[in-house]
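Structure record follows, encoded as structure tokens.
Both counts, for ligands and for their atoms, begin at 1 and track the order of listing. No hydrogens, no waters, no symmetry mates; every other heavy atom, side chains included, goes into these values.
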Amino acid sequence: MSVLNDRNILLIISGGIAAYKSLELIRLLRHEGAHVRAVLTAGGAQFITPLSVSSLTGQKTYTELWCLTDETEMGHIRLSRESDLIVIAPASADLMAKMAHGLANDLASTTLLASDKPILIAPAMNPQMWNHAATQSNLQILRKRGILQVGPEPGDMACGETGWGRMSEPRQILESIERYFKPKALSGFSALVTSGPTFEPLDPVRFLGNRSSGKQGHAIAEALYEAGASVTLVCGPVNLPDPQGVRCVHVQTATEMLEACESSLPVDIFIAAAAVSDWRPVQEKAQKIKKSSSTPDALRLVENPDILKTVATKKKNRPKIVVGFAAETENLEKNAKAKLKNKRCDWLLANTVGPDDQGTEKTFGSETNQVLFLSADGPEIWPRSEKKDIARMLVQKLTSALASPNKKGRKKS
Ligand code: PMT
């Protein structure tokens with residue numbers, strides 16, 4: 001039976017040409033057994049009619065806040081409370097702004113403000129509007145509140161421009177809705193993930209850093225959250241948005257990363273995907289180092305704490321599964337096996353970093369990764385895949401290991 005069978009979905013259709021796609025979404029939802037009630041905003045009604053929406057939902061379409069019959073029959077409070085999930089498709093820039101700032105001047109915004117239900121938005125707008133600082137900051141506010149999001153997608157827009165702003169296809173939105181209702185394999189488990197580089201300051205201007213973008217670590221945090229885990233992400237300086245639904249702690253240095261990890265324990269799962277600097281300058285200089293000094297003192301280095309090893313060797317509060325990474329430029333398997341043993345982790349994902357034959361970086365900053373997975377069960381080669389898919393493969397492994405704890409394939413040391 002479909003996970004959507006007998007679920008009550010409140011669909012809010014706001015203004016945008018993508019409103020026509022929401023008709024197909026209603027059809028798909030009903031096909032899966034969901035009951036769909038719809039609110040059509042004044043903007044939405046410029047593109048589709050209440051009659052076409054009602055023909056597909058089989059129910060009245062609500063459009064007015066100040067309608068006496070609607071308020072006595074249903075009312076915006078009941079509309080918002082009698083659903084299992086509120087889906088906004090398309091979600092216009094205007095409606096997102098109203099939600100972010102708590103405005104309530106029409107039926108849709110009032111219903112949303114009166115709601116205590118989970119909300120999924122499918123944004124759709126012109127690329128400039130999507131990229132505008134105001135929309136992006138509204139999105140951050142909504143994400144921090146735990147609002148779920150699907151899309152937008154890149155492509156050609158009805159206005160003739162090209163970029164990010166197309167509403168996701170109805171089937172993709174349906175999949176996100178189904179994902180929300182599916183039982184979550186890691187629900188009840190907690191996870192801590194490190195991601196991105198660390199920057200070790202030499203002076204107020206310079207630092208010791210590396211090329212990690214945080215894409216792999218962030219994808220893992222997202223996949224764990226999707227699987228129902230409660231996730232803390234400790235991340236170094238990256239140019240990525242905070243993943244949805246994840247508690248994020250931002251740090252600069254390895255010492256700060258260790259502190260943030262220690263204070264997030266205990267957890268069930270620890271994954272060290274960050275590229276932590278092995279060393280830091282002995283002392284950060286208060287002023288910019290002058291060119292005249294021969295070998296600056298600040299270039300003398302001291303070893304940083306090993307975060308992975310510290311967590312993996314905890315006597316108290318050791319996570320049930322500790323996963324490390326190894327970034328190697330040569331002898332991948334040999335070096336990774338040594339790290340697995342030395343750092344006392346249960347599993348290790350080894351990846352090769354550095355330029356390929358064409359001079360393009362293989363892993364840092366790339367959308368894809370190729371991994372050698374090591375556990376007590378031996379090595380497994382995971383083919384080059386999107387970092388998101390590598391993350392999902394890892395989450396699958398975690399799910400089955402936690403379901404049968406004596407099979408986690410931990411190295412005996
Ligand atoms: O961020 P991306 O651009 O997406 O790139 C992904 C990645 C290449 C950064 C990622 O896949 C990866 O390999 N991360 C680990 C990078 C690294 O620092 O590897 P390492 O071999 O130097 O360290 C081994 C392990 O010890 C890692 O789990 C690392 O997080 C951990 N470590 C290292 C040093 C230290 N002081 N503390 C640590 O916890």
Which N or O atoms of ligand 1 sit under 3.5 Å from a protein N or O, and how far apart is each pair?
from: ligand 1; atom 1: 1 (O); to: Ser212; atom 2: OG; distance (Å): 2.6
from: ligand 1; atom 1: 1 (O); to: Ser213; atom 2: N; distance (Å): 3.1
from: ligand 1; atom 1: 1 (O); to: Gly214; atom 2: N; distance (Å): 2.7
from: ligand 1; atom 1: 3 (O); to: Ser213; atom 2: N; distance (Å): 2.8
from: ligand 1; atom 1: 3 (O); to: Ser213; atom 2: OG; distance (Å): 2.6
from: ligand 1; atom 1: 3 (O); to: Gly365; atom 2: N; distance (Å): 2.7
from: ligand 1; atom 1: 4 (O); to: Ser213; atom 2: OG; distance (Å): 3.4
from: ligand 1; atom 1: 4 (O); to: Lys215; atom 2: N; distance (Å): 3.3
from: ligand 1; atom 1: 4 (O); to: Gln216; atom 2: N; distance (Å): 2.8
from: ligand 1; atom 1: 4 (O); to: Lys387; atom 2: NZ; distance (Å): 2.8
from: ligand 1; atom 1: 11 (O); to: Asn351; atom 2: OD1; distance (Å): 2.6
from: ligand 1; atom 1: 13 (O); to: Asn351; atom 2: OD1; distance (Å): 3.4
from: ligand 1; atom 1: 13 (O); to: Asn351; atom 2: ND2; distance (Å): 2.9
from: ligand 1; atom 1: 14 (N); to: Ala273; atom 2: O; distance (Å): 2.9
from: ligand 1; atom 1: 19 (O); to: Ala327; atom 2: N; distance (Å): 3.4
from: ligand 1; atom 1: 21 (O); to: Ala327; atom 2: N; distance (Å): 3.1
from: ligand 1; atom 1: 21 (O); to: Lys339; atom 2: NZ; distance (Å): 2.5
from: ligand 1; atom 1: 26 (O); to: Lys343; atom 2: NZ; distance (Å): 2.9
from: ligand 1; atom 1: 28 (O); to: Ala272; atom 2: O; distance (Å): 2.7
from: ligand 1; atom 1: 28 (O); to: Phe325; atom 2: N; distance (Å): 2.9
from: ligand 1; atom 1: 28 (O); to: Phe325; atom 2: O; distance (Å): 3.3
from: ligand 1; atom 1: 30 (O); to: Ala272; atom 2: O; distance (Å): 3.4
from: ligand 1; atom 1: 30 (O); to: Ala274; atom 2: O; distance (Å): 2.6
from: ligand 1; atom 1: 36 (N); to: Pro305; atom 2: O; distance (Å): 2.9
from: ligand 1; atom 1: 37 (N); to: Ile307; atom 2: N; distance (Å): 3.1
from: ligand 1; atom 1: 39 (O); to: Ile307; atom 2: N; distance (Å): 3.4
from: ligand 1; atom 1: 39 (O); to: Leu308; atom 2: N; distance (Å): 2.8

Taking atom types as modelled and ignoring hydrogens, do the side chains of Asn8 and Glu82 form a donor-acceptor contact shorter than 3.5 angstrom?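 Absent: no donor and acceptor within the cut-off.
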Thr253-Glu200 side chain donor-acceptor pair, cut-off 3.5 Å: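 Thr253 vs Glu200: no donor-acceptor pair found between side chains.
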Any heavy-atom pair between the side chains of Ile321 and Asp268 that's under 4.5 Å?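 No - every pair of side-chain heavy atoms lies 4.5 Å or more apart.
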Side chain proximity check, Leu10 to Thr111, heavy atoms < 4.5 angstrom: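 Yes, at least one pair of side-chain atoms sits under 4.5 Å.
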Decide salt bridge (Lys or Arg N to Asp or Glu O under 4.0 Å) for Glu222 and Lys387; before the verdict, give the C-alpha distance in whole Å, the side-chain angles of both, and the deciding distance to 0.1 Å. CA-CA 11 Å; Glu222 268 168 10; Lys387 285 181 176 166; over 6 Å; no
Should the heavy atoms of other residues, nucleotides or ligands under 6.0 Å from CZ of Arg211 be counted, would the total exceed 12?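 Not buried by this count: 12 neighbours or fewer within 6.0 Å.
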